[in-house]
Number of protein chains: 2
Amino acid sequence: MTSQPILEPATDESCCARAGMPALGAEEAKQKALVFKALADPNRLRLLSLVKAEASGESCVCDLTEPLDLGQPTVSHHLKILVDAGLLHREKRGTWAYYSLVPGALEKTAGLLATL
Amino acid sequence: MTSQPILEPATDESCCARAGMPALGAEEAKQKALVFKALADPNRLRLLSLVKAEASGESCVCDLTEPLDLGQPTVSHHLKILVDAGLLHREKRGTWAYYSLVPGALEKTAGLLATL
DNA sequence: CCTTGATATTGATAATCATCAATGTTGGGT
DNA sequence: ACCCAACATTGATGATTATCAATATCAAGG
């Protein structure tokens, strides 16, 4: 059940980020921290980098397992975390699962830092 | 001893980030992950936000303890992590310790995402 | 000096996390 | 129907981590 993207929760209740509030609320902070948690692991950063570097824009798990020197279940686990964070998109075609960057997700994450 | 800033390691051996390398190396990834690890906690995000929101640009620990509903040692611990990551600057004046944003650190962190 | 107040550090504990081995699932070929 | 290949899930384990209580440091005032 743990599969709702964090980065675009399909809108909160209010339309835009808080107007002139003094500081980050507890709930907002928890949401934003989830995205950074997804980035807080070297192997996940490398996964993002590998997917981004792929000319076709997408990579399957088998292409990502070897360069990271990790087992396939571990790679799948990391990819799931990145998908749940809204950073990667997963598309299954046949036996393969293709992962690609969610367009604009990295930029949006960078924006989270600006609106702290 | 764990007090070297990550965000500006005073230069690696080579001058600039890798030129046309296919993907993030293991060592680079570990360094970048350290910064995101520092951001991967709701209370630390709120600390950054509180410091940023302060008109004077700096906050002492006593001002940060109450709004987060955390004990003073815990806040000090989080602040240390943010300082070690190169995000906050600490200046001790008298009995108080004043924390302020390192200029450009958040922007530089955002840049890390662009150069994945 | 002695006390007080503001922070930092240490030690302990419960929770979270990264990893792997084993197993489950599912789609394509024979 | 059967098997194989690609991927996901589960369970277990060792390593980090967030937190607090207790204690240490350290500067300013009396």
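Because only heavy atoms are used, hydrogens play no part in the values below, and waters and symmetry mates are left out as well, while side chains stay in. Just so you know, these numbers come straight off a predicted model, no measurement behind them. Chain identifiers are assigned alphabetically (A, B, ...) following the order of the sequence lines, protein sequences preceding nucleic acid strands; residue numbering begins at 1 within each chain.
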- Message: Over all strands shown, is B:Arg44 touching base, sugar-phosphate only, or nothing at heavy-atom distances under 4.0 angstrom?
- Response: sugar-phosphate
- Query: Once you round it to whole Å, what is the distance between P of D:dA18 and CZ of A:Phe36?
  - Reply: 15 Å
- Query: A:Lys80 has an atom NZ; how far is it from atom C1' of C:dT19, in whole Å?
  - Reply: 17 Å
- Task: Could you check how far OH of A:Tyr98 sits from C1' of D:dA6, rounded to whole Å?
- Result: 10 Å
- Task: When you get a sec, tell me which of C:dA8, C:dC20, D:dT19 is the closest nucleotide to the side chain of A:Leu70?
- Result: C:dC20
- Message: Can you tell me if B:Thr95 touches the phosphate of D:dA27, counting only side-chain N or O atoms and a distance under 4.0 Å to OP1 or OP2?
- Response: no
- Testing D:dA21, D:dC7, C:dT7 for proximity to the side chain of B:Cys60, the answer is C:dT7
- Item | Under-4.0 Å side-chain N/O to phosphate OP1/OP2 contact, B:Arg90 with C:dA8 | yes
- Mark yes or no for a side-chain to base donor-acceptor pair under 3.5 Å between B:Gln72 and C:dA8, with no hydrogen or angle criteria applied. yes
- Take atom CD of A:Glu91 as the centre, draw a 6.0 Å sphere, and report whether it contains more than 12 heavy atoms from other residues, nucleotides or ligands. yes
- Task: Specify the separation, in whole Å, of atom NZ of B:Lys30 and atom P of D:dA15.
- Result: 15 Å
- Rounded to whole angstroms, how far apart are CG on B:Asp41 and P on D:dT16? 18 Å
- Item | Contact under 4.0 Å: A:Thr74 side-chain N or O vs C:dC20 OP1/OP2 | yes
- Scanning both residues in full, the closest heavy-atom pair of B:Leu24 with B:Lys32 reads CD1-NZ, 3.9 Å
- Message: Between B:Leu47 and B:Leu101, is there shared hydrophobic-cluster membership here, with clusters defined by ILVMFWY side-chain heavy atoms closer than 4.5 Å?
- Response: yes
- Message: Please tell me if A:His78 has a side-chain N or O lying less than 4.0 Å from either OP1 or OP2 of C:dT19.
- Response: yes
- Message: Heavy-atom nearest nucleotide on DNA chain C for A:Asp69 versus A:Gly94: which residue maps closer to 5'?
- Response: A:Asp69
- In terms of the nearest nucleotide of DNA chain C, which residue is placed more toward the 5' end: B:Val75 or A:Lys37? B:Val75
- Looking at A:Pro67 and A:Arg46, what are the two nearest heavy atoms and their distance? O-NH2, 3.8 Å
- Item | Rounded distance (Å) that lies between atom C1' of D:dC26 and atom NZ of B:Lys92 | 6 Å
- Task: Measure from the side-chain heavy atoms of B:Asn43 and tell me the nearest of D:dT19, C:dA6, D:dC7.
- Result: D:dT19
- Atom pair distance, as rounded to whole Å: CD1 in B:Ile81 and P in D:dT16: 14 Å
- Determine whether B:Leu112 and A:Leu39 make a side-chain contact, defined as any pair of heavy atoms from C-beta on separated by less than 4.5 Å. no
- Query: A:Tyr99 side chain N/O closer than 4.0 Å to the phosphate oxygens (OP1, OP2) of D:dA8?
  - Reply: yes
- Between C:dA18 atom P and A:Leu68 atom CG, what is the distance in whole Å? 13 Å
